[in-house]
Visitor: 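First the structure, which I've put down as structure tokens, then a few questions once you've had a look.
Any value given below was found using the heavy atoms of this structure, including those in side chains, with hydrogens, waters and symmetry copies removed. The model shown is predicted, which means the values in this text are computed figures rather than measured ones.
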Amino acid sequence: MPSQTPNRPKAVDVVIIGVGAVGGIMAKELASAGLEVVGLERGPMLELEDYGSKDSIRSTVRRDKAEWVRHEPISTRATSAARSQKRYTSTPMNNVGGGLLIWTGSATRFMPSDFRVATEEIAQGGAVRANADMTGYELADWPISYSDLEPYYERFEWELGVSGDGQANPFAGPREKGYPLPPLRQGGRNQLFKAACERLGYHPHPTPNGILSQSYKPPAPYDTRIPERPGCVYCGQCNNYGCHVQAKLSTMWTAVPVAFETGNFDLRTHSKVFRINTDKAGRATGVSYFDEDHNIVEQRARIVVVASYIYEASRLLLLSGSGKRGLANSSGRVGKGIMAHGDVRYTGIFDDFIVNGFIGPNSGMRMDDFNANNFDHAGLGFIRGGTIGTSGGGAPVERYDAIPPSWPRWGAAYKEYFAKYYTRMADVASHPETLAHQDNYLDLDPNLKDEWGIPLPRTTFRFHDNERKMWAYLGDVQQRILREAGASQVWGSPTNRASRWAGGTMMGDDPASSVVNGYCQSYDVDNLFVVGASVFPTMTGYAATPTVGALAYRTSAYIAANDASF
Amino acid sequence: MSSQVALGALTPRQANLVEAAAARIFPTTDTPGATEAGVVVYVDRALADVYPELRALYASGTRALAGEAKRRFGVDFLRAAPDQQDALLADFEAGKIDGYSRAGEFFETLRTHTMEGVLGEPVYGGNRDLVGWKLVGFPGHQFGYDDPYINTVVDVPPKAVARPYATREEWDAQSNPE
């Protein structure tokens, strides 16, 4: 019989909700500082048999990993007038290590200017010069700067292992140290992209990647307890697959084993937290959760860390507390300011070049000439931008619909096309920044509930004009690159698909307009921390992971240094 | 059917119609197509194992295909000329089949499953002898690639591996399914 957690186990120092990117790092850091830590993960600890399959039907067509999130649907709608729909999304995942299991590894730091969008666009007149209509948008600076995060970016890169060239991107912020590993090997797709961008006068560089280019174990002064892992074998199956050699960065095989080694970390999987508990003074006293058998367990702790994806972060705060507003929400900003990248993707086919896109890495080269404020926006009608890079690849079942619009979709001519061009196609994609807008928010669905009877987190979200104008502009650049690279045909379009969410528990300097301070600490509840992309005031034109990791390290250091006050 | 296998979801009649239609979607030319890949086996197993809710669509879709062929050409779909079959399938694709409102949906489902049957893992019944992967130049489940194969054909024999592997030895120990 499995040992059963009592309904009211002994109080601990820290309870962490969610053991993914943030939770794994914070468990390691806080347990290493001598704090007794309980990690509550709603999913399982996966084994190779669960995640290691390279079966393209299982992983990309039938999406076995989406099956793991079947207990945690969300609710979505485009506007507050629309009816919400239940939806399953595998982005946050539900397992120890979280979404790092299936990510492609794109691991660029934000740029210094990314932290001060309001200053640049409003105070310094960027939006006016661009002739951009900012009606409804909510721009804010971060309460911290790039230099505040720089040492913690370094810890993330050197402890968990990021491959890249610290000198290659002229738009990147200053760094104390380079990357611990050289860039991943560049395949044909990346050579095409690099050469085309250079001819066009852009600044291509290898994508800093959370995939080891060589076997690696962190050297001192970093955490030398982290196990050694082998380098990438370039199988090409990153996106939607687990990494069979563990070259891909995940806390599952880096930070979490070290947390266990301290003896101070108690990981409880299949534990679904539904409330943060508070005392009469309004301080957090711990959390309540359902264990695997649906028994309610109350875990008391001096410090509570919400380390979940954005859906759960806002949802938990709204479900907790005594008033109508929920917990940590005197500002009324919980759930506000949610953002998601759009998806602008173009494909080219090459008569004179065999691309072999199925060979890794998925994410190889990029350039930031049209990201953030790296280019002149005068009169463009929009502000900000996005990183542009190589993409695509994938097994044939992921690519059979990549067909030029004028070409037949079936029959002998289609067969001839796909047989010739499956190995001769490449994508160029961008991560266009989306800005917070007053129409977009996250709240509790009044009707739809999960299997525990808890209201689903509901996103009300649509893209607005600044995004659409940016997509058209970035899309033109992407097509130009593919044509310059020698593609005989180029096609694609922006889509309304939203991904890589951020916001909802925004950090800021002013308690009246933000949920947490620069240390991810609640303004209302001083022993409550919310750590993750949910605190981003702006999401930037990059993927969030390294910044989320840096925040986890920085918040851990703050908690450990101020432990006596909690 | 070209290969007699035990069916789990389709009737023999439905299986013959699926196989004939799939053969127009991804035809046999001087290279193998849907028939050689075993698409009908893929579809039958998919309906039996994971998409039971699509059985009704296949039942009505194949019935409509046969009925429309009879009405238009006076022959069974299986005996219609390839260009007649193509014309009929194009009308299904366009959703222009009188009296059958799910024509477009049926065509898209059949096309999707045909391509999955040609290009998916053989363990699901299609891509027999890896004909689909050989056709498009995909080496399947390699442990990794020691060479980036820049502008070069990847000349390694394709492989389909059923079980997850962490090491090259574990990968090496598994051979292609019979």
Visitor: Has A/Thr390 got a side-chain atom pairing as donor or acceptor with A/Met365's backbone, closer than 3.5 angstrom?
Guide: yes
Visitor: Is it true that B/Tyr58 and B/Gln14 share a donor-acceptor pair across their side chains at a distance under 3.5 Å?
Guide: no
Visitor: Are any side-chain N or O atoms of B/His141 and backbone N or O atoms of A/Lys54, one a donor and one an acceptor, separated by less than 3.5 Å?
Guide: yes
Visitor: Relative to the ring of B/Phe92, is the ring of B/Phe106 parallel (under 30°), tilted (30 to 60°) or perpendicular (over 60°)?
Guide: perpendicular
Visitor: Regarding A/Thr104 and A/Asn239, do their side chains bring together a donor and an acceptor under 3.5 Å, going by distance alone?
Guide: no
Visitor: Under the 6.0 Å and 45° cation-pi test, does B/Lys159 pair with B/Trp133?
Guide: no
Visitor: With a 4.5 angstrom heavy-atom cut-off, is it the side chain or the backbone of A/Gln246 that approaches chain B, or both, or neither?
Guide: neither
Visitor: Which region of A/Glu49, side chain (C-beta onward) or backbone (N, CA, C, O), has a non-hydrogen atom less than 4.5 Å from a non-hydrogen atom of chain B, or is it both or neither?
Guide: both
Visitor: Less than 4.5 Å to any heavy atom of chain A: does that hold for the side chain of B/Val123, its backbone, both, or neither?
Guide: side chain
Visitor: Under 4.5 Å heavy-atom distance to chain B, tell me which part of A/Asn356 shows up: side chain, backbone, both or neither.
Guide: side chain
Visitor: By a 4.5 Å heavy-atom criterion (distance strictly below it), what part of B/Glu108 contacts chain A: side chain, backbone, both, or neither?
Guide: side chain
Visitor: Under a 4.5 Å heavy-atom cutoff, which of A/Pro396, A/Cys235, A/Cys232 has the most pairs with chain B?
Guide: A/Pro396
Visitor: In terms of heavy-atom proximity below 4.5 Å to chain A, should B/Thr29 be classed as side chain, backbone, both, or neither?
Guide: both
Visitor: Which residues in residues 406-416 of chain A have any heavy atom lying under 4.5 Å from a heavy atom of chain B?
Guide: A/Arg409, A/Trp410, A/Gly411, A/Ala412, A/Tyr414, A/Lys415
Visitor: How long is the straight-line distance from CG of A/Leu249 back to CG of A/Leu101, given to the nearest 0.5 Å?
Guide: 12.0 Å
Visitor: I need the residue from A/Asp352, A/Val233, A/Asp401 with the largest number of non-hydrogen atom pairs under 4.5 Å to chain B.
Guide: A/Val233
Visitor: Counting heavy-atom pairs closer than 4.5 Å to chain B, which one of A/Val245, A/Leu192, A/Val61 comes out on top?
Guide: A/Val61
Visitor: Please determine, among A/Tyr234, A/Phe350, A/Phe353, the option with the most heavy-atom pairs under 4.5 Å with chain B.
Guide: A/Phe353
Visitor: State whether B/Tyr124 and A/Arg62 meet the cation-pi test: NZ (Lys) or CZ (Arg) under 6.0 Å from the six-membered ring centroid, and within 45° of the perpendicular axis.
Guide: yes
